[in-house]
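Quick notes on the structure that follows.
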Amino acid sequence: MLKVNGLVKNYGDFTLNCTLKVEPGQITGLVGENGAGKTTLFKSVMGLISSDGGKISLFGKAPSELSEKEKEKIGAALAESGFSGYLKIKDIIPVLTALYPAFDRERFQTLCDKLKLPLNKYIKEFSTGMKAKLKVLVAVTHGASFLLMDEPTTGLDVMTRNEVLDLLRETMEEDENRSILISSHISSDLEGLCDDIYMIHEGQIVLHEEMDALLNEYGLIKADEKQFAALDKEHILRGKKEMFGYACLTDQRQYYMENYPEMVVEKGSLDEVITMISGGKEL
Amino acid sequence: MKGMLIKDMRLLLNQGKILFLMLIVMAMILSIAGMSNPSFVVSYITIIFSFFTVSTVSYDEYDNCYLFLMTLPVTRKGYVREKYMFGFISTCAAWLIGLVIGTVLMLAENRLSDPLEWVGECTVYILIAWIFVSVILPIRLKFEAEKARYVNLIMVVVCCILIFGGIQLAEYLPDFIVKSGINFLNRLGNTGFLVLAALITAVAVGVSYACSRHIMDRKEF
């Protein structure tokens, strides 16, 4: 579906350099701190900016070469960008009908009703949550094969976040070949949604893992100075000095649980992995 | 392109209708008060409204809308084509309304002696409006709102200098050149002048479209 191979983009001191793949039928997550390069990557994938190297292939073509017909298969919800605030939903319905032959007008209107989105109100008067819901709704109601979701849940309350995520889950269930590339600051959103996850840090992809593996096989070892000295460090990905001694990230939790029963080995979570990968050191 | 045209039409209906009504009311008041003539009404409505065409670019730019619009099934080429198409349709609509109002005023003042000449005169105004759009649209696509304002100002100053310079230069030109120029324009007649103006407009629109395509192809969002 999407292949990003050695993409390079330079912005002054910042360099994005990443390789990434989104398979058909998969939800791929992208996490990283602010300024890590997520939006730059998304802009490159959509052909909105030029690259300084590498290759991007979406539906087998470079993004800049995609025709209008091929772009109909893309559904994008970008952070802080959408239809003009001087339009109302009733204005954008005919726009979407004209742009997408597969636009499901009835479903769109039903979902607007369900998600409490008023048809006759200027978008600029919408709350953050309403704007976010509208963006996702526009992206999922025209039968797109590839969805690109840049921070679709940022700034939303728990209820609205769940509504947005449910909408994405429903959309994935409709078509087994559909794919989503999604970024979020909220790890729990990605943990419950994604099949695999990429972590980007200072423009580089520093981790790619299946979500199940990350949650089941990764672990956080908490060891004092003595335990740390005796610890087999072969399967330790990152380590960090803490108040009590050391915190170590491993992708072989079971191994350490079996061989070091006296040590605390906690189950991995995306938050911990992010913290350790970006803040820890290789041992 | 149809979808983007609908978007701009809706923006026009939501935001431009008040401007348009104000233009009509202003022009009619000036005309009825005897401070202008019906021909001014047509030119005023058509030319001022042509600026709204270009302002739809500002709506696309505002709040980063560009980013999202470019993810829709619209190519950069299609975006430029739509802006020119929208400019053409909206100025034609404004011109037609202006023409109807102007004609009503002409009839009311009993001044409509030659309808063909009147329509021909009014046609020049829509050509001027398209030249305006042709100059401003590429500037607006190239520069952000604030910078575009300065560039527009510079363009106005350059045009004034060129016109003033041209008039000054004519005084220093040999008589036979000036005379043959005047003779050429006289020989053209009304129809010929209109054809010449249409040709100049067509060239301006063509050059402007090519520039806009070039600017849009290189634009980073």
Side-chain angles (χ1 to χ4, degrees), chain A residues 9 11 39-40 42-51 58 63-103 122-124 131 134-135 138-139 142 144 146-148 150, chain B residues 1-20 52-83 85-86 89-90 140-142 144-145 213-221:
Chain A
K9 178 73 186 173
Y11 278 126
T39 302
T40 304
F42 280 12
K43 282 185 183 178
S44 302
V45 167
M46 296 309 304
L48 301 173
I49 52 173
S50 60
S51 62
L58 181 59
S64 58
E65 288 166 10
L66 290 175
S67 65
E68 290 182 356
K69 200 80 200 148
E70 286 155 334
K71 286 179 92 177
E72 284 171 14
K73 294 190 285 178
I74 301 171
L78 303 177
E80 292 170 24
S81 178
F83 274 112
S84 169
Y86 294 92
L87 291 170
K88 299 169 182 174
I89 292 184
K90 71 168 189 178
D91 294 322
I92 66 172
I93 290 174
V95 175
L96 294 170
T97 308
L99 285 171
Y100 299 102
F103 177 61
Y122 284 113
I123 296 171
K124 68 185 167 81
K131 282 180 188 166
L134 177 62
K135 281 183 209 173
V138 168
H142 56 82
F146 176 68
L147 298 174
L148 189 131
D150 186 14
Chain B
M1 186 168 75
K2 191 179 158 198
M4 296 299 273
L5 267 177
I6 296 171
K7 172 191 75 71
D8 282 341
M9 295 285 185
R10 293 282 174 152
L11 276 172
L12 179 74
L13 288 174
N14 289 345
Q15 303 300 311
K17 62 185 173 198
I18 298 164
L19 167 78
F20 192 62
F52 185 82
T53 302
V54 183
S55 77
T56 59
V57 176
S58 304
Y59 285 104
D60 293 347
E61 198 179 66
Y62 188 68
D63 270 353
N64 281 328
C65 292
Y66 254 146
L67 280 181
F68 171 70
L69 293 177
M70 287 298 138
T71 68
L72 298 174
V74 181
T75 57
R76 291 169 187 244
K77 181 183 167 186
Y79 179 85
V80 173
R81 210 186 309 144
E82 184 274 333
K83 284 291 167 215
M85 186 61 81
F86 176 70
I89 295 169
S90 60
R140 196 59 200 81
L141 289 172
K142 173 79 181 170
E144 289 166 12
R213 279 282 313 273
H214 182 81
I215 291 162
M216 208 57 189
D217 281 345
R218 275 149 191 78
K219 202 171 175 86
E220 299 261 306
F221 295 97

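Here the structure is a predicted model, which means the values were calculated and not measured. In the text below, chain A, chain B and the rest are named by the order of the sequence lines, each starting its count at 1.
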Q: Flag the one option from A/Gly47, A/Pro94, A/Gly82 with the top tally of heavy-atom pairs under 4.5 Å to chain B.
A: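 Option with the top pair count is A/Gly82.
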Please report all inter-chain donor-acceptor pairs (under 3.5 Å) between chain B and chain A, with distances to 0.1 Å.
unit_1, atom_1, unit_2, atom_2, d
B/Arg10, NH1, A/Asp91, OD1, 3.2
B/Asn14, ND2, A/Tyr86, O, 3.1
B/Asn14, ND2, A/Asp91, OD2, 2.8
B/Asn64, O, A/Ser81, OG, 2.6
B/Phe68, N, A/Ser81, OG, 3.0
B/Met70, O, A/Lys71, NZ, 2.6
B/Leu72, O, A/Lys71, NZ, 3.3
B/Val74, O, A/Lys71, NZ, 2.9
B/Arg76, NH2, A/Gly47, O, 3.0
B/Glu220, OE1, A/Lys9, NZ, 3.2
B/Glu220, OE2, A/Ser50, N, 2.8
B/Glu220, OE2, A/Ser50, OG, 2.6
B/Phe221, N, A/Leu48, O, 2.9
B/Phe221, O, A/Lys43, NZ, 3.3

Q) What is the minimum heavy-atom distance between B/Ile6 and A/Ala98, and which atoms define it? A)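 Reported closest heavy-atom pair: CD1-CB, 3.7 Å.
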Q: Can you see which heavy atom on A/Val138 is nearest to which on B/Phe68, and at what distance?
A: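 That closest heavy-atom pairing would be CG1-CZ, 4.1 Å.
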(Q) As an exercise: rank B/Leu67, B/Leu69, B/Val74 by heavy-atom pairs under 4.5 Å with chain A and give me the winner. (A)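 Greatest number of close heavy-atom pairs with chain A: B/Leu67.
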Q. Where on A/Leu148 is there a heavy atom nearer than 4.5 Å to chain B: the side chain, the backbone, both, or neither?
A.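 When you check distances to chain B, no heavy atom of A/Leu148 falls under 4.5 Å.
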Q: Select one option (side chain, backbone, both, neither) describing which atoms of A/Leu87 are under 4.5 Å from chain B's heavy atoms.
A: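 Contact with chain B: backbone and side chain both.
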Q.
Can you list everything that forms a side-chain contact (heavy atoms from CB on, under 4.5 Å) with B/Leu13? Sequence neighbours excluded, please.
A.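 So B/Leu13 forms no side-chain contact (heavy atoms from CB on, under 4.5 Å) with any residue.
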